[in-house]
Amino acid sequence: MSRQLDNDNPTIFAPTTSHRRVDSSRNAKSKLWATNPTSSDEDDESDYGEAIEYGQGEEREEIDEEEVYDLLRSITDPEHPVSLEQLRVVNLEDINVAGNRVLVYLTPTIPHCSMSTLIGLSLRVRLLRALPPRYRVDIRIKSGTHQSEHAVNKQLNDKERVQAALENKHLLSVVEGCLATAGKRGSD
């Protein structure tokens with residue numbers, strides 16, 4: 001039985017062929033939290049603490065927004081056979097990296113997109129698999145782009161809910177299907 005699509009005719013953009021450099025002159029910590037969180041998100045952010053500091057002589061290779069974008073841009077949309085980059089669900093401007101924290105805002109194609117949680121789960125799984133465990137990953141709906149923004153954000157950033165979702169074999173197979181194209185880089 002086939003399900004009715006949320007967005008029958010999404011706007012599809014050409015994948016990018018070159019990357020823009022993100023302005024790194026601003027303070028990384030202030031850039032990460034540049035947008036004011038809603039009052040309900042403040043509790044979620046109170047347990048972050050400071051970025052992990054490593055001992056003297058211990059060198060860590062840092063990542064930047066472009067590297068995170070490259071990991072996410074070719075993930076396939078669960079409803080359409082195109083990448084999240086082509087749908088502008090994932091944008092370089094909506095990715096922030098500061099210290100050991102990665103914050104990704106996703107933009108649903110429509111305000112009532114029922115796939116937003118699944119897309120966010122796919123983004124989280126991709127980053128958890130690709131990044132070293134020292135990174136804290138937050139996936140959020142871009143403010144004002146979804147009717148159930150708060151509820152989706154709560155689901156995407158609750159460890160127990162994410163774990164329970166990944167224990168569901170059907171849901172995991174859908175996520176794996178979205179991630180099957182994650183190694184591709186746009187038109188490269």
Side-chain angles (χ1 to χ4, degrees), residues 1-16 41 44 63 65-97 100-143 145-188:
M1 180 171 160
S2 130
R3 180 178 95 62
Q4 177 70 27
L5 298 177
D6 280 347
N7 188 354
D8 292 333
N9 191 18
T11 303
I12 300 173
F13 300 88
T16 58
D41 289 342
D44 295 340
I63 62 165
E65 290 84 354
E66 286 184 21
E67 290 174 295
V68 173
Y69 182 65
D70 277 342
L71 290 170
L72 302 177
R73 63 190 253 184
S74 59
I75 294 173
T76 304
D77 181 78
E79 284 189 320
H80 304 285
V82 294
S83 72
L84 297 181
E85 174 189 30
Q86 290 174 292
L87 293 172
R88 298 294 191 261
V89 172
V90 175
N91 299 290
L92 182 59
E93 301 82 23
D94 296 331
I95 298 172
N96 298 289
V97 178
N100 66 329
R101 297 180 289 187
V102 176
L103 175 62
V104 177
Y105 287 101
L106 69 98
T107 306
T109 57
I110 53 175
H112 58 278
C113 181
S114 64
M115 295 289 134
S116 294
T117 305
L118 183 58
I119 292 169
L121 184 61
S122 297
L123 296 176
R124 176 173 294 285
V125 169
R126 175 66 172 141
L127 292 177
L128 290 176
R129 289 179 179 175
L131 297 178
R134 72 178 181 271
Y135 286 98
R136 166 132 184 198
V137 175
D138 282 321
I139 308 293
R140 296 181 185 245
I141 299 292
K142 192 170 185 177
S143 182
T145 62
H146 197 280
Q147 293 173 343
S148 303
E149 176 184 333
H150 173 69
V152 174
N153 286 341
K154 187 173 181 177
Q155 288 179 337
L156 292 176
N157 293 296
D158 183 311
K159 290 178 185 178
E160 288 80 19
R161 290 182 190 198
V162 169
Q163 185 63 36
L166 295 176
E167 290 174 1
N168 179 320
K169 290 183 192 292
H170 174 70
L171 193 54
L172 183 59
S173 71
V174 174
V175 168
E176 294 292 350
C178 293
L179 297 178
T181 58
K184 297 180 181 177
R185 301 287 187 254
S187 61
D188 293 348

Of all the heavy-atom pairs spanning [X] and [Y], show the shortest one and how long it is.
X    : Y    : value
S116 : I141 : CB-CD1, 3.9 Å
I119 : P78  : CG1-CD, 3.6 Å
A165 : L121 : CB-CD2, 3.9 Å

**Asked** Given V162 and L156, is the side-chain contact (heavy atoms from CB on, under 4.5 Å) satisfied, shown in steps?
**Response** CA-CA 7 Å; V162 169; L156 292 176; 5.8 Å; no
**Message:** Using the rule given for side-chain contact (heavy atoms from CB on, under 4.5 Å), can you reason through V175 versus L118, listing the C-alpha separation, both sets of side-chain angles and the distance that settles it, and then say yes or no?
**Reply:** CA-CA 7 Å; V175 168; L118 183 58; 3.7 Å; yes
So, [X] side chain and [Y] main chain: donor-acceptor pair closer than 3.5 Å or not?
X    : Y    : result
R126 : L179 : no
E65  : V97  : yes
R134 : N100 : no
N157 : R140 : no
H146 : C113 : yes

**Asked** Step by step, would you call Y69 with E85 a side-chain hydrogen bond (donor to acceptor under 3.5 Å, both in side chains)?
**Response** CA-CA 9 Å; Y69 182 65; E85 174 189 30; 3.0 Å; yes
**Request:** Evaluate the side-chain contact (heavy atoms from CB on, under 4.5 Å) criterion for residues L84 and L106: first the C-alpha distance (whole Å), next the side-chain angles of each, then the deciding distance (0.1 Å), finally the verdict.
**Result:** CA-CA 9 Å; L84 297 181; L106 69 98; over 6 Å; no
**Asked** When rounded to the nearest 0.5 angstrom, what is the spacing between CD in Q163 and CG in D158?
**Response** 11.0 Å
**Asked** Do S83 and T181 come close enough that some side-chain heavy atom pair is under 4.5 Å?
**Response** no
**Prompt:** Step by step, would you call R101 with N96 a side-chain hydrogen bond (donor to acceptor under 3.5 Å, both in side chains)?
**Reply:** CA-CA 8 Å; R101 297 180 289 187; N96 298 289; over 6 Å; no
**Request:** Evaluate the criterion side-chain contact (heavy atoms from CB on, under 4.5 Å) for residue pair V104 and V137; output intermediate values, then yes/no.
**Result:** CA-CA 8 Å; V104 177; V137 175; 5.7 Å; no
**Prompt:** For T145, which of K142, Q147, E149 qualifies under side chain to side chain contact (heavy atoms under 4.5 Å, CB included)?
**Reply:** K142
**Asked** Looking at D94, V89, I95, which hits side chain to side chain contact (heavy atoms under 4.5 Å, CB included) with N91?
**Response** D94
